[in-house]
Amino acid sequence: MTGDAGLARLSEALESAFSAAGAPEGFSPGLERPRDPTHGDWASNAALVLAKRLGQPPRALAARVCELIDPAAAGIAAVEVAGPGFLNFRLSDRSIWPRLTEVIEAGPDWGRTRASPPLRVNVEFVSANPTGPLHVAHGRGAALGDAVASLLEWAGHDVTREFYVNDAGRQIELLGESVEARYEEAAGRPAAVPEGGYHGEYVRDVAMAIRDAAGPEFLASLAPEERRARLRREAVRLLREEQAEDLSRFGVEMDLFYSERSLYESGAIDRLLEALEDGGLIYRSEGATWLRTSDYGDEKDRVLIKSDGSFTYFLPDLAYHLDKARRGFDIAIDVWGADHQGHEKRMLAALRGLSCPDLLEVLIIQLVTVLRDGREVRMSKRAGRFVTLGELVDETGADVARYFFLMRRAEVHLNFDLDLALDTSDANPVYKVQYAHARMCSVFRRAGVVAGEVPPSLEVPDGFGTPAEREVALSVLRLPEVIAAAAGSRAPHLVCAYLEEAAGLVNAWYHQGNLDPAQRILAEVPERAARIRLARAVQLTLRNGLRALGLSAPETMTRDAK
RNA sequence: GCGCCCGUAGCUCAGUUGGAUCAGAGCACCGGCCUUCUAAGCCGGGGGUCCCAGGUUCGAGUCCUGGCGGGCGCGCCA
């Protein structure tokens, strides 16, 4: 829960040095991590930023700050002026070890930070129509939404995971008619799936399941209207259950499934229409009722009530989003597929018109292409032919599928490479990270220690045996800031990149022992206890990083016989 | 035609909030090492006009403008 205490020390020492050098009140020098390790552990460009204001050459200013900074207070071993006026800092090894102690003490909470202020955040994702199984695109939304939610929790916010169920409206009617057609067919009566209806094989399965559960005589005894209503209701219920089951197997647990139908029943839609009427935000034209979204940034006004009297999708959806504000959420994050991108402007505009300008944040995720043997696996929703999320999880496992969905930014088209996903070597980034974690656990078993009982702090060693060891230690310390940054920018892929890098450093460190047995973690040398503690710190870091993304961190992994 | 997203190594992509110490990773390829602290590795190497052209700046892969190329969306469907 601590953030980075070592960085805070350096930051304070640097600030007071700048202040003594004549920096204006309230100036806080920036610190960043240089890409090039020869530039030290931390660097500041503050002298360049201030040079003009203070009327001094950047290098001279930097040199002055160099003299003024107190190395002991800052926890640094060296500071130097570089290039046009950068300050490069090298942390002292003695200041790093106590921070590893903090990592071990934090244990399962290592990586969590406190948010100020903590916000109530609603993350809405998947929200698939209950008209069929979830497919791979839903999987990407599920992985991303759940990971963003989790990262926000790790960053100290209060999060609700929510699925909006479109259990009303035209698509549900079509589903009911499609199921009815399959039911009639099975009874030997001629019937056809309606125009725009659902043709997938699962529709037949659903129809049969309902018939068998209710008893064929019972359904046959109902009046046609009643039977259709029942088939529709039962189909929605079954498909919702199936979706929830698929999500659960994928490791996603929703806090709330919010029913669209409930908005009609609670009167929320009527109240919204009244409020819109009173506010003069709607008008009638060509027999329809329109919302003045173009007054608030949309390209054109949008229909809420069609000329046949039925509602568009937009009306209940708007009522739903207003309800999120009513329930007290500070932020509502919606995860939408690229095909819904056109709705973003109208929803933001409508909420602006209804005095909720800052509520909604929309994350648009681009499409997913599944590749097998380097070729695209073609999908067709109309023909009901697609890769379902369930099939994907069966084939790759939940961890692999989730990781592959998360490792790219949401804005880029995703190529899901099934061949790489099924590779169990370190070439597969998921296994690379999980293996590194399992290796550390193996070291504990070999040493006969229980991971949770590794003492956080014995005496602090003077330094690190090798540069590889030092790099691992510094990498470990970055977890909280990486998670907080990923949460802030709603970008789980930043955590993936970090974990892969950390795993690479761990592997390099570990494999040194193969070349030189004295470098093994468990070598009988004085450094052994310190190395076990570093192994524990890195194991916690990998595990908590994986968990913050919603993945597991196995302690043992069996490899398939080759 | 309009809107959103993308364009960086052979391939897949990172590059954090408006820059500096930014030409990067993984895979593939080539060369060397290891056969283990179980978990298919480790080290090194080649390879790039960061789509193009302007602009802002002391400084642009990053910001602005205009092009070009690709994806998606533009219903009183959801």
Side-chain angles (χ1 to χ4, degrees), chain A residues 32-40 43 45 48-49 51-52 58 82-86 88 127-129 131 166 169-172 174 196 285-290 299-300 302-314 317 337-345 364-367 369 371 374 407-415 417 420 423-429 431-432 434-436 438-440 442-447 481-482 485-486 488-489 491 493-494 496-497 500-501 504 507-515 517 519-523 531 535 554 556-559 562:
Chain A
E32 57 188 26
R33 221 179 293 273
R35 302 270 192 294
D36 183 343
T38 64
H39 295 134
N45 67 351
L48 288 154
V49 174
K52 199 176 272 180
F86 291 96
N88 292 340
S127 295
N129 289 344
T131 53
N166 301 122
R170 181 74 189 129
Q171 296 307 312
I172 295 302
L174 283 168
S285 171
E286 300 165 52
T289 301
W290 299 70
E299 287 119 24
K300 50 177 278 200
R302 304 291 172 176
V303 170
L304 291 180
I305 305 176
K306 301 180 222 171
S307 50
D308 69 0
S310 65
F311 298 158
T312 62
Y313 171 84
F314 188 32
D317 204 20
D339 54 341
H340 285 63
Q341 166 272 124
H343 296 258
E344 183 177 358
K345 274 193 179 174
I364 302 289
I365 48 179
Q366 297 301 313
L367 304 183
T369 304
L371 301 170
M407 67 185 183
R408 303 294 177 222
R409 294 155 60 219
E411 302 85 51
V412 308
H413 183 106
L414 178 75
N415 288 313
D417 183 343
L420 182 59
D423 184 342
T424 57
S425 82
D426 275 16
N428 183 333
Y431 290 123
K432 176 177 177 173
Q434 289 185 331
Y435 283 150
R439 268 190 193 107
M440 296 301 106
S442 164
V443 166
F444 302 141
R445 280 193 298 277
R446 182 116 187 152
E481 74 184 74
V482 170
S489 51
H493 77 277
L494 296 174
C496 295
E500 286 171 50
E501 185 191 310
N507 287 338
W509 175 49
Y510 178 88
H511 286 287
Q512 276 184 334
N514 294 337
L515 301 172
Q519 296 297 330
R520 292 184 183 182
I521 295 171
L522 298 180
R531 287 179 185 164
T556 61
M557 295 175 72
T558 50
R559 61 182 180 195
K562 197 174 171 181

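Throughout, a chain's letter reflects where its sequence line sits, starting with A, and its residues are numbered from 1. All of these numbers come straight from a predicted model, not from anything done at the bench.
- By the 4.0 Å N-to-carboxylate-O rule, A:E500 lies too far from A:K432 to be salt-bridged with it.
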Inset, instruction - Apply side chain to side chain contact (heavy atoms under 4.5 Å, CB included) to A:Q519 and A:R531, showing your working. - result: CA-CA 10 Å; A:Q519 296 297 330; A:R531 287 179 185 164; 3.7 Å; yes

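- Regarding A:R408, its CZ atom lies at a distance of 8 Å from the C1' atom of B:A14, rounded to whole Å.
- Base engagement by A:V443 is indicated by at least one non-hydrogen atom pair under 4.0 Å involving a base atom.
- Distances shown here put a side-chain N or O of A:S425 below 4.0 Å from the OP1 or OP2 atom of B:G41.
- For A:S307 and B:C76, a side-chain-to-base donor-acceptor distance below 3.5 Å is present, hydrogens and geometry of angles not being considered.
- For B:C74, the paired base is B:G1 (Watson-Crick or G-U wobble, both distances below 3.5 Å).
- Shown here for A:K306 and A:F311, the closest heavy-atom pair between the two residues is CE-O, 3.6 Å.
- Nearest approach of A:A447 to A:L522, heavy atoms of both residues: CB-CD2, 3.6 Å.
- Residues satisfying the side chain to side chain contact (heavy atoms under 4.5 Å, CB included) test with A:Q366, not counting sequence neighbours, are A:R140, A:A338, A:I364.
- Shortest non-hydrogen contact noted between A:N166 and A:Y313 is ND2-CE1, 3.4 Å.
- The side chain of A:N45 sits closest to B:A20 out of B:A20, B:C77, B:A39.
- Atoms CG (A:L420) and C1' (B:A40) sit 14 Å apart, rounded to a whole Å.
- The same atom, C1', is picked in B:G46 and in B:A53; the two are 32 Å apart, to the nearest Å.
- In this structure, B:A39 makes no Watson-Crick or G-U wobble pair, since no nucleotide meets both defining distances under 3.5 angstrom.
- Atom CG of A:N507 is separated from atom C1' of B:U38 by 14 Å (rounded to the nearest Å).
- Only the P atoms considered, B:U56 is 15 Å distant from B:U62, to the nearest whole Å.
- Going from the P atom of B:G3 to that of B:G66 covers 10 Å, rounded to whole Å.
- Following rounding to the nearest Å, A:R446 (CZ) and B:U36 (P) show an atom-to-atom distance of 11 Å.
- In this view, A:S489 satisfies the side-chain hydrogen bond (donor to acceptor under 3.5 Å, both in side chains) rule with no residue, not counting sequence neighbours.
- A:D423 places no side-chain N or O within 3.5 Å of a backbone atom of A:N428 that could act as its donor or acceptor partner.
- Searching all strands for a Watson-Crick or G-U wobble partner of B:U65 with both distances below 3.5 Å returns B:A53.
- Phosphate contact (OP1/OP2 of B:G15, side-chain N/O of A:H493, threshold under 4.0 Å): present.
- Distance CH2 (A:W509) to P (B:C43): 15 Å, rounded to an integer number of Å.
- Dashed line: the shortest gap from a side-chain N or O of A:S442 to OP1 or OP2 of B:U38 is under 4.0 Å.
- Minimum atom distance to the side chain of A:W290 is reached by B:C76, of the listed B:C76, B:C6, B:A40.
- Evaluation of the side-chain hydrogen bond (donor to acceptor under 3.5 Å, both in side chains) rule for A:N45 yields no partner, not counting sequence neighbours.
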Taking only nitrogen or oxygen atoms into account, show me every contact under 3.5 Å that the protein makes with nucleotides 68-75 of chain B, one pair per line with its distance.
unit_1	atom_1	unit_2	atom_2	d
B:C72	O2'	A:A338	O	3.4

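- Residue A:R445 is classed as a base contact, given a heavy-atom separation below 4.0 Å to a base.
- Taking atom C1' in both B:G41 and B:C68, the straight-line distance is 45 Å, to the nearest Å.
- Rounded to a whole angstrom, the distance from the C1' atom of B:C72 to that of B:C76 is 23 Å.
- Base pairing annotation: B:G26 forms a Watson-Crick or G-U wobble pair with B:C11, both donor-acceptor distances under 3.5 Å.
- A:H511 places a side-chain heavy atom less than 4.5 Å from the side chain of A:R439.
- Counting non-hydrogen atoms under 4.0 angstrom, A:F311 reaches the backbone sugars and phosphates but no base.
- Among all heavy-atom pairs drawn from A:A427 and A:L420, the shortest one is O-CD1, 3.6 Å.
- The same atom, C1', is picked in B:C30 and in B:A39; the two are 27 Å apart, to the nearest Å.
- In this structure, the CD1 atom of A:I521 is 10 Å from the P atom of B:U38, given to the nearest Å.
- Toward the 5′ end of RNA chain B lies the nearest nucleotide of A:A438, the other residue of the pair A:I305 and A:A438 mapping further downstream.
- A:E501 comes within 4.0 angstrom of no nucleic acid atom, judged by non-hydrogen atoms across all strands.
- With a cut-off of 3.5 Å on both pairing distances, B:A20 has no Watson-Crick or G-U wobble partner at all.
- For the C1' atom pair drawn from B:U49 and B:A23, the interatomic distance equals 13 Å after rounding to whole Å.
- A:N415 places no side-chain N or O within donor-acceptor distance of the main-chain N or O of A:D417, the cut-off being under 3.5 Å.
- Across all strands shown, nothing is found opposite B:G48 as a Watson-Crick or G-U wobble partner with both distances under 3.5 Å.
- Comparing the C1' positions of B:U17 and B:C58 gives a spacing of 23 Å, expressed to the nearest Å.
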Could you go through nucleotides 26-34 of chain B and list every protein N or O atom that sits under 3.5 Å from one of its N or O atoms, giving the distance for each pair?
none

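- In terms of position along RNA chain B, the nucleotide closest to A:F86 lies nearer the 5' end than the nucleotide closest to the other residue of the pair A:F86 and A:Q171.
- Per the geometry, CG belonging to A:L494 stands 16 Å off P belonging to B:C13, to the nearest Å.
- Summarising the geometry, the separation between CG on A:D423 and C1' on B:U12 is reported as 15 Å, rounded to the nearest angstrom.
- In this structure, A:R409 reaches the B:G15 phosphate: one of its side-chain N or O atoms is under 4.0 Å from OP1 or OP2.
- In this view, A:P517 and A:R520 satisfy the side chain to side chain contact (heavy atoms under 4.5 Å, CB included) rule, not counting sequence neighbours.
- Of all nucleotides listed (B:U21, B:A39, B:G7), B:A39 comes nearest to the side chain of A:T556.
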